[in-house]
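Notes to accompany the following structure.
Quick caveat: nothing in here was measured; it's all calculated off a predicted structure. Values below: all heavy atoms of this structure, side chains included; hydrogens, waters and symmetry mates excluded.
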Amino acid sequence: MPFTKTLADTNEANTNEIKSEAPEARPMNCPIPTFTEIAANTPEVTDDSINIFSKYASIEKDQITAFSGGVTLIDKNQKIIADELAFNRLSMQLDAIGDIHYQSNNINIFAETLNASKAQKSTLMTAASYQLDGNPGHGSAAQLFISADGQLNLVDSTFTTCLDETPDWQIKASEINLSANGDFGEAYHAQFRVLDVPILYIPYFSFPVSQKRTTGFLYPKIKSSSNSGLEIEAPFYWNIAENLDATITPHYMSKRGLQLQSEFRYLWGTQQGQVDLEYLNKDKALKNNNDPRYLARLQHIGSFSDGFRAYVDYTTMSDDNYLVDIGSRQYNSNDAYLYQMGELAYFGEQWQTTLKIQDFEVLGSHSPSYKTLPHLEISAQQPINFLAGQLELYSELTSFQAAEKSQVEANRYHVEAGLLFPVSTPAWFINSEVKLMHTYYQQDNIQFNSDLEETVQRTLPKIRFHGGINFDRQMTAFGQNYRHTFEPQLQYLYIPDEDQSNIGLYDTTNLQDDYNGLFRDRRFSGLDRIAGANQYTWGITSRVLDESNLEVFRISLGRIQYITTNKNTVDTLLADNKFSLENQQSSLAADLFYRINHQWQISGDIQYNTEESFTNKGQVNLDYQFNKYNTVQLNHRYTRNVSGNSLEQVSLLTSVAINTDWAFVGRLTQDLRQDRSLESYAGFQYESCCWAVRLAYHRHINSNLDDEDFINENRDEFDSGFMIQFIIKGLDGKQSAIGTQEMFDDSIFGYKRPYYLNN
C-alpha cells in the first residue's frame, strides 16, 4: 500500500536537451462527504461536565436518567445524537440506541447501539459505519471501539477511499485499527477486494490515512524489458525518525536476479542529504563474469555559520554498462559520465571564495578527464565613487591531476583585475570593462617532442564595451492593440592575439555560438585558451507584446564581425568547423518565437555559416495545445558536429486527456541520418477518484559504451517492454489528480554529450 515521503530531495542534472513539462493534471470532482456539526450553536464544554438535551427525561431510583426524543449529548471530546439515551451517574456509564450519530474532531460514526464509560473514557458501538473527517477514508464495522487514547478498533470491518456504493477497491479485515491522530491504520487477516471480489489475502499490513510519513510498503511496479525480463519492484518505506527515513526496494529481474536498492535521507537543520545504493550480487545474464554490479551515490547540501555552504555529489559504479543494462533512477541510460565533486564556499558582502575538488567518471571509450585536486577561487568587488564604477578581482588556483600516466599534469594560477562601469536606464544601457589577466602554468610529465613547456606565463589585457537601446511603439493589427519593440545592441571586444600552443588543454573547449553567446567575452570555456579578439558584435531583437504584456512574437538576429583575423592557429582539438579563423565574420545566429494563437506556437534557433553555406546547429519546435490539459509537439534538431558526426533527429510528443478518466502519453524519436527509430513510447493511464492504473510500452535504442568490455556480452540493439503500475489514491487524505508528469518524463529520450572538466 502507498505511503508518503516528504523529506527534501537533492538532485542536479546537466543535459543539452530542454525537457518539456507535461500539461496540467485535469481537476477531478471527488467531493469528500461532510456533515453538519452537531449542536453548533451550543456553548463549548471545556471541563469534565456533560450536557444532555432531549424532549423527554425521567429518573429511575435516583441513579439512572433516561432521555428520549431528539437526544443530544455534548462533552469536551465528543457529541452524540440518538433516539434514546440512558446515563448511570454512579457508574458513569452511558447507553444509547436508535439512529446514533457520533461526532468527534476527526470522525463521524453512525451506529445502532452505543455503550460508553465516562470513567474509562472508552466507547463501544455496533453495526457501525464511519467517515473520517476531511478525509475520503470510510468503511463499516460489526463493532467499533474507541479507546481512552482515541484509537479506533474495528471488528469485522472494511476500509476504502472510494465513494461508490460498491467500491472499486476495499480492505476487508477481521480487525482494523486506526490511530488516534488519524495518521495510519493496521489491518489483520485482511482481504484486498476489487469490486467486492477478493484478490489478495494479507495476514497483516499497515497503511496511511494522512500525508504524515508512515512506515510501510509503497506502490509496487511491474514491468518487462528485453534487457532484464519481467521486473517487479516492491518498495518499503521506513520512517526512522522525524528527520531520517529510508526506502528499501527489492527489485526482481527474471533475466538478471534480485537486486537490492536503498535510499537513505537525512535532514539536520540546514543540512540535508541522500545516500543511494543499488546492488546485484550476480547478474545471471552475464555468462563470463560473476562480479557484483552496483551503483552508489552520495548527495549533500547545506549551509552553516554565516555565509558558508557545503555541497557534495559523488557517484561510483561497478562497470560502464551498468546504466545501459540495468538502469537507475540516478542517471539516464544514455549518460556518459558520473558526478564526483565536493565544494565548500563562503559568501561575504564584497568577497566570495570557493574550494572545490572535482572529477567525472567517464563511461565508455572516451578520453579520460582531468581531476581538480583542488580548485580554489577568490573573488571580490569594491564600489568606487566614479561613474557608479566597480573594482573587480578574480583569482583561482587549480591543480590538474591526470587519470592516466601518459597525460600531462599541471598547476595553474590565474588572476584578473579591472574596472567595470555599468550604466543602465529603462531606455538604454552601456557597460564598460577594462581588465588585466595574468596566468601562470607549471606543467609536468611532458612528452618528448611536445610543444608544451614546463613553465608558461601569459599576460593579456581585455577591453569591452557593450551597449543597447530599447525602442517601443504602440501599434494596431487585426483590430488589436500591441506594443512593438526594437532593441539593437552592439559590443566591442579587444584581447591581444597570442600563441598559446605551449599550454595544455585541461578544462577548455568550445562554447556554443547561439544568439546570447555572441555577446560573451570569450570563445572557449576554461582558461587554457583565451582567444584573441579585435571584433564587434551586433544584434537586433524585435518583439510584439499584447495588451497584457504577453509576448506574441520575437525575433533576434546577430553575428560577430572580426576587424582583424588571428594569426595563431587554434588547436585541432578545439577546431569544430563553426568557422575558420581567416573568416571576417562568425556564423549568423538567429532566434525566433511566434505565438500564432492560444493553441499554436512555433519556436526555433539556427547558427548558419553564410561564407561557407552550411548550418552549424538548428532546431525548431511546433506546439499545438488543445487546452492546458492536452498538447502535441513536433520538433526537429540538427547539429553539424557531435564527436565528429552530424546529428539530425525528429520527435513527436503528445499528452492527451482522452476523457475524465483516461489519458495518453506518447513519443516517437527518429534518427534521420541513419534512418532508424531511437525511441517509441506509448502509455495509457486510467484514473478515478480512488485509484489509478498505468499501462505503457517502450522501445528505445541501447547505448554501446564499451565495445571491448566483456560486460557488453548478449546486448541487443534495442530494449523494449511493458509496464503496469497500480496506484491507490486517497490514502494521503486527498483525492486530487496525479496527472501524467511521471509518464511524460519516462518517455523523454535525451541525448547527452560526454561531460569533462573542459565541457
Side-chain angles (χ1 to χ4, degrees), residues 32-45 48-135 137-148 150-160 163-167 170 172-178 180 182:
I32 298 174
T34 58
F35 301 93
T36 304
E37 183 182 354
I38 295 174
N41 297 323
T42 58
E44 183 179 357
V45 177
D48 291 333
S49 62
I50 300 175
N51 294 341
I52 300 177
F53 305 91
S54 67
K55 291 183 179 180
Y56 310 103
S58 61
I59 299 177
E60 299 179 8
K61 300 179 182 179
D62 197 28
Q63 178 178 342
I64 299 175
T65 305
F67 302 89
S68 61
V71 181
T72 301
L73 179 147
I74 304 171
D75 67 16
K76 66 179 182 181
N77 296 320
Q78 59 196 359
K79 296 180 180 180
I80 300 172
I81 293 177
D83 291 340
E84 298 180 15
L85 186 147
F87 180 70
N88 189 321
R89 66 182 184 87
L90 294 181
S91 63
M92 300 296 287
Q93 184 76 24
L94 185 149
D95 299 292
I97 59 173
D99 200 14
I100 297 168
H101 181 187
Y102 173 95
Q103 190 176 79
S104 69
N105 292 332
N106 58 6
I107 196 168
N108 282 273
I109 303 173
F110 301 88
E112 292 183 359
T113 68
L114 180 149
N115 305 102
S117 171
K118 187 69 175 175
Q120 298 179 359
K121 297 181 180 179
S122 61
T123 303
L124 175 66
M125 286 172 267
T126 63
S129 62
Y130 64 93
Q131 172 70 56
L132 300 179
D133 186 54
N135 189 303
H138 65 98
S140 62
Q143 290 186 341
L144 189 154
F145 179 77
I146 305 175
S147 63
Q151 178 174 306
L152 272 67
N153 175 261
L154 298 87
V155 179
D156 292 336
S157 54
T158 63
F159 177 88
T160 184
L163 302 178
D164 297 332
E165 184 175 346
T166 301
Q170 67 176 338
K172 189 171 184 180
S174 62
E175 182 179 344
I176 295 178
N177 297 325
L178 300 177

- Are L73 and F67 side-chain neighbours, meaning at least one heavy-atom pair lies under 4.5 Å? no
- Message: Hydrogens and angles aside, do S117 and S122 bring a side-chain donor and acceptor to less than 3.5 Å of each other?
- Response: no
- Under a 4.5 Å cut-off applied to non-hydrogen side-chain atoms, are D75 and K118 in contact? yes
- Query: Hey, are the side chains of I74 and F53 touching, using non-hydrogen atoms and a 4.5 Å cut-off?
  - Reply: yes
- Task: Can you measure from CD (Q63) to CZ (R89) and round to the nearest 0.5 angstrom?
- Result: 7.5 Å
- Task: Compare all side-chain heavy atoms of Q151 with those of N177 and state whether any distance is below 4.5 angstrom.
- Result: yes
- Item | Shortest non-hydrogen contact between I176 and T158, atoms and distance | CD1-C, 3.9 Å
- Using 30° and 60° as the class limits, which term best fits the ring planes of F110 and F35: parallel, tilted or perpendicular? tilted
- Query: Do I109 and I146 come within less than 4.5 Å of each other through their side chains, counting heavy atoms only?
  - Reply: yes
- Item | Straight-line distance of H101 NE2 to I38 CD1, nearest 0.5 Å | 4.5 Å
- Query: Any chance NZ of K172 has more than 12 other-residue heavy atoms, nucleotides or ligands included, within less than 6.0 Å?
  - Reply: no
- Query: Closest approach of K76 and V45, non-hydrogen atoms and distance?
  - Reply: CB-O, 3.1 Å
- Heavy atoms, side chains only, cut-off 4.5 Å: are L132 and I107 in contact? yes
- Task: Quick one: closest heavy-atom pair of E37 and Q103, and the distance?
- Result: CA-OE1, 3.6 Å
- Would you check if the side chain of Q131 reaches a backbone N or O of P33 as a donor-acceptor pair within less than 3.5 Å? no
- So which heavy atom on S157 is nearest to which on A141, and how close? CB-CB, 3.8 Å
- Message: Using the rule given for side chain to side chain contact (heavy atoms under 4.5 Å, CB included), can you reason through L154 versus Y130, listing the C-alpha separation, both sets of side-chain angles and the distance that settles it, and then say yes or no?
- Response: CA-CA 10 Å; L154 298 87; Y130 64 93; 3.0 Å; yes
- Query: Is a side-chain donor or acceptor of N88 paired with a backbone partner of L90 at a separation under 3.5 angstrom?
  - Reply: yes
- Item | Minimum heavy-atom distance T126-A111, with the two atoms named | O-CB, 3.3 Å
- Task: Give, for atom CD1 of I64 and atom OG of S58, the distance between the pair rounded to the nearest 0.5 Å.
- Result: 10.0 Å
- Message: So, taking the atom named OG1 in T72 and the one named CD1 in I80, what distance separates them when rounded to the nearest 0.5 Å?
- Response: 10.0 Å
- Item | CA sep, side-chain torsions, deciding dist, call: Q93, N115, side-chain hydrogen bond (donor to acceptor under 3.5 Å, both in side chains) | CA-CA 7 Å; Q93 184 76 24; N115 305 102; over 6 Å; no
- Message: Do N153 and S147 make a side-chain contact, defined as non-hydrogen atoms from C-beta onward lying under 4.5 Å apart?
- Response: no
- Working to the nearest 0.5 Å, report the span between NZ of K79 and OH of Y102. 12.5 Å
- Message: Is any side-chain heavy atom of H138 closer than 4.5 Å to one of N108?
- Response: no
- Query: Where do I100 and L114 come nearest, in terms of heavy atoms and distance?
  - Reply: CD1-N, 3.5 Å
- Message: To the closest 0.5 Å, what do you measure between CG (L94) and CG (L85)?
- Response: 4.0 Å
